[in-house]
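Shown next, in structure tokens, is the structure this report addresses.
Indexing begins at 1, ligand by ligand and atom by atom, following the structure's order. Excluded from the calculations below are hydrogen atoms, water molecules and symmetry mates; all remaining heavy atoms, backbone and side chain alike, are included.
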Amino acid sequence: MNAPAKVPPPAYDLEAFAASLGDVPVETDAKTLQKKSRDFFWFSPVLKRELQGKVAELIVVPRDEADVVRVASAAARHRVPVTIRGGGTGNYGQCVPVQGGVVLDMGALSAIEWQKGARLRVGAGRKMHLIDAETRKQGYELRMHPSTKRMASIGGFAAGGSGGVGSVTYGGLRELGNITGARVISLEETPRVFELKGDAALKICHGWGTTGIITALEMPLAPAFDWIDVIVAFKDFMTAVRFGHELALTDGVVKKLVTPIDWPIPAYFQGMEQHFPKGSAAVIAMIADHSIEPFRSLAAAHKGEITYEKATDESMGARPLYELTWNHTTLLALNVDRDITYLQSLYPPFGFLEKVAEITSLFPRDEVIHHFEFTRYAGLPTGSGLPLIKYTTDERLNEIMEIYRSHGVFIADPHIWMLEDSAGYKSADADLMGFKREVDPLGICNPGKMRTYVPLR
Ligand SMILES: Cc1cc2nc3c(=O)[nH]c(=O)nc-3n(C[C@H](O)[C@H](O)[C@H](O)COP(=O)(O)OP(=O)(O)OC[C@H]3O[C@@H](n4cnc5c(N)ncnc54)[C@H](O)[C@@H]3O)c2cc1C
């Protein structure tokens with residue numbers, strides 16, 4: 001696990017690189033260098049140990065695509081490693097410059113180029129909540145977003161994320177149709193521009209910033225409903241999961257989020273504990289306002305008690321319930337207990353409920369605390385499990401993952417920082433390798449994150 005890349009880091013000339021940037025803005029103060037060289041890798045005790053203290057030498061902040069091209073060319077000429085950064089909320093150290101060099105902060109490339117009904121073209125650096133704020137004016141919003149919507153960029157989501165709020169309806173981000181176009185700049189002395197459409201647009205998905213610089217994305221949008229945040233309490237976890245599963249299967253009830261959690265997870269939700277009866281499991285959901293009555297009927301049929309029902313509020317100071325879900329669940333638990341970590345799993349859609357009952361019986365309740373996010377996989381509703389793990393040793397962590405695998409549950413190990421080891425959400429397949437050769441022949445784009453890529457130097 002986490003063996004370093006075989007190819008040695010490039011020898012680079014940072015001074016010559018910086019001199020050739022002209023007036024492209026840069027940042028050099030030590031605090032900014034440290035801050036912008038990190039992401040949320042510290043969720044993993046393994047990555048925390050291995051990635052701590054790796055810092056870039058320079059932050060470059062392009063104002064537009066012309067600046068990006070200039071940086072890409074200078075980096076290629078002087079062999080400088082470039083680690084691309086959006087909001088810096090990745091979980092596997094994808095934004096950590098493990099071989100030094102520069103961090104490329106994409107925040108300023110944030111213009112909405114156009115919106116035509118449910119089609120959008122947007123700068124890769126735009127934060128996702130600022131996308132919805134604009135597109136909702138025309139009655140549309142992103143099909144899905146991570147629970148970090150208010151911090152993360154659309155480019156970072158495409159390159160580093162997997163799905164999130166909305167995936168219960170639209171599936172994972174890398175499923176065909178969920179990204180419709182991408183503009184990518186290669187890292188070469190004379191950078192080339194790639195306009196990827198259709199299935200080719202998915203090449204940039206989950207490549208961890210190793211496959212060129214995305215400057216713009218075309219995203220399909222969904223109807224923007226008035227969403228209602230709901231909490232439903234249940235006597236036990238399996239009842240909560242059964243309810244969540246039926247809700248996920250009920251296409252007539254329009255929803256964006258279905259999150260079953262076991263006790264004591266709600267006890268970690270500081271400031272929200274009063275909405276969760278002590279000792280109960282719960283389902284957190286986002287329901288379209290026109291579906292709330294059928295939703296209440298379904299909750300009553302499963303003997304659920306609705307303890308919270310309020311319009312989703314993303315304004316400053318407010319707390320949308322999706323910020324209790326997906327990997328925010330882990331964050332909130334870590335705020336209370338530093339010995340917590342997590343896993344990422346995907347359950348088979350067929351026999352899902354039986355598999356949940358089987359897996360939950362395998363571990364003590366205070367070691368593996370269950371949390372699911374309902375999603376669609378190839379069109380079929382199933383659960384993506386993000387259980388909290390009371391960490392003891394690396395060996396036990398690996399053993400837990402092996403137990404899941406041996407019972408037929410897919411694990412995407414979140415304690416690795418080599419793309420090849422991320423097997424599943426996107427491993428380094430031939431398509432990815434071929435595209436990398438096109439856009440990063442020198443191997444200077446987030447170097448050190450791919451063990452098997454051999455650069456042309
Ligand atoms: C509390 C918490 C909750 C989360 N919840 C979810 C969730 O629900 N779903 C989910 O999928 N993920 C989740 N994540 C992971 C992460 O927040 C998301 O994937 C997010 O979309 C990343 O966006 P970002 O702008 O922060 O990307 P960054 O962290 O800045 O970058 C992520 C990767 O993309 C690359 N990258 C960034 N911009 C570009 C670009 N323009 N061109 C090329 N490469 C680029 C980077 O080099 C890096 O490898 C969560 C993380 C945390 C800490």
Side-chain angles (χ1 to χ4, degrees), residues 36-44 56 62 65 68 72 81-98 103-110 122-129 131 142 144-168 172-174 178 182-187 194 203-217 256-257 259 322-335 342 344 371 373 375 384 386 412 414 417 419 422 425-426 439-440 445-450:
K36 292 195 176 175
S37 296
R38 289 176 65 81
D39 60 15
F40 285 71
F41 63 82
W42 53 269
F43 274 25
S44 159
E65 193 179 272
V68 171
V82 176
T83 303
I84 311 157
R85 182 180 177 88
T89 66
N91 288 120
Y92 327 116
Q94 299 111 301
C95 265
V96 176
V98 292
V103 160
L104 189 68
D105 180 341
M106 295 296 287
L109 276 84
S110 61
V122 60
R126 194 175 183 95
K127 298 266 162 60
M128 281 172 273
H129 72 295
I131 293 178
L142 288 169
M144 69 190 74
H145 60 79
S147 60
T148 45
K149 179 185 186 183
R150 300 201 287 181
M151 303 184 263
S153 69
I154 189 72
F157 186 40
S162 54
V165 183
S167 288
V168 65
L173 185 60
R174 73 192 168 105
N178 281 336
R183 187 174 168 92
V184 179
I185 309 294
S186 68
L187 287 98
F194 291 76
K203 285 183 199 293
I204 50 102
C205 239
H206 221 68
W208 291 12
T210 61
T211 49
I213 306 165
I214 307 162
T215 55
L217 285 158
K256 204 170 173 182
L257 180 71
T259 309
Y322 64 71
E323 288 184 0
L324 305 181
T325 69
W326 289 85
N327 236 348
H328 266 79
T329 311
T330 319
L331 177 64
L332 295 169
L334 270 160
N335 284 345
Y342 74 115
Q344 300 172 149
H371 160 204
E373 297 293 344
T375 180
S384 169
L386 291 159
W417 54 278
L419 190 58
S422 80
Y425 286 149
K426 177 134 188 183
V439 292
D440 182 29
C445 195
N446 207 348
K449 302 285 171 54
M450 281 173 89

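Which of T330, T83, T89 comes nearest to atom 51 (C) of ligand 1 through a heavy atom is settled by distance: it is T89. Distances from atom 39 (C) of ligand 1 to the heavy atoms of I84, L109, L332 show the closest one on I84. The residue from G87, G163, G161 that puts a heavy atom closest to atom 9 (N) of ligand 1 is G163. Looking at F43, W42, F157 and measuring to atom 21 (O) of ligand 1, the nearest heavy atom belongs to F157. Residue nearest to atom 32 (C) of ligand 1, selected from G164, A182, G156: G156 (by heavy-atom distance).
Checked against ring-ring contact (aromatic ring centres under 6.0 Å, His included), Y322 has the following partners two or more places apart in sequence or in another chain: H145.
In terms of protein heavy-atom proximity, atom 5 (N) of ligand 1 is nearest to S147 OG, 3.0 Å. The protein atom (non-hydrogen) at minimum distance from atom 52 (C) of ligand 1 is T148 CG2, 3.6 Å. The protein atom (non-hydrogen) at minimum distance from atom 15 (C) of ligand 1 is N91 OD1, 3.3 Å. Ranking protein heavy atoms by distance to atom 29 (O) of ligand 1, first place goes to G90 N, 2.9 Å. Counting only heavy atoms of the protein, atom 41 (N) of ligand 1 lies nearest to I214 O, 2.9 Å. Closest protein heavy atom to atom 31 (O) of ligand 1: C95 SG, 3.5 Å. The closest protein non-hydrogen atom to atom 12 (N) of ligand 1 is P146 CB, 3.9 Å. Among protein heavy atoms, the minimum distance from atom 11 (O) of ligand 1 is reached at S162 N, 2.7 Å.
Here is the list of ligand 1 atoms found below 4.0 Å of a heavy atom in A124: 41 (N). Of all the atoms in ligand 1, the ones that sit under 4.0 Å from a non-hydrogen atom of W208 are 47 (O), 49 (O). Less than 4.0 angstrom separates some heavy atom of G88 from each of these atoms of ligand 1: 24 (P), 26 (O), 28 (P), 29 (O), 30 (O). Numbered from 1 in the order shown, with element, the atoms of ligand 1 that lie under 4.0 Å from a heavy atom of A159 read 34 (O), 35 (C), 36 (N), 44 (N), 45 (C).
Residue D39 places every heavy atom at 4.0 Å or more from ligand 1. At least one heavy atom of G212 sits closer than 4.0 Å to an atom of ligand 1.
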Side chain to side chain contact (heavy atoms under 4.5 Å, CB included) for T211 and K203? Distances and angles first, verdict last. CA-CA 8 Å; T211 49; K203 285 183 199 293; over 6 Å; no
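When side chains are defined from C-beta on, H328 counts as touching T148, because their heavy atoms get closer than 4.5 Å. Taking 4.5 Å as the limit, some side-chain heavy atom of C445 sits within range of a side-chain heavy atom of I84. Here the side chains of T375 and V168 are not in contact, with every heavy-atom distance at 4.5 Å or above.
Contacts with ligand 1 closer than 4.0 Å are made by side-chain heavy atoms of M106 only, the backbone lying farther away.
The distance from atom CG of L104 to atom CZ of R85, rounded to the nearest 0.5 Å, is 11.5 Å. Distance check: I213 CD1 to M106 CE gives 6.5 Å after rounding to the nearest 0.5 Å.
Below 3.5 Å of separation, one finds an N or O of S153 facing an N or O of ligand 1. Below 3.5 Å of separation, one finds an N or O of Q94 facing an N or O of ligand 1.
With 3.5 Å as the limit, one finds no donor-acceptor pair spanning the side chains of S147 and E323.
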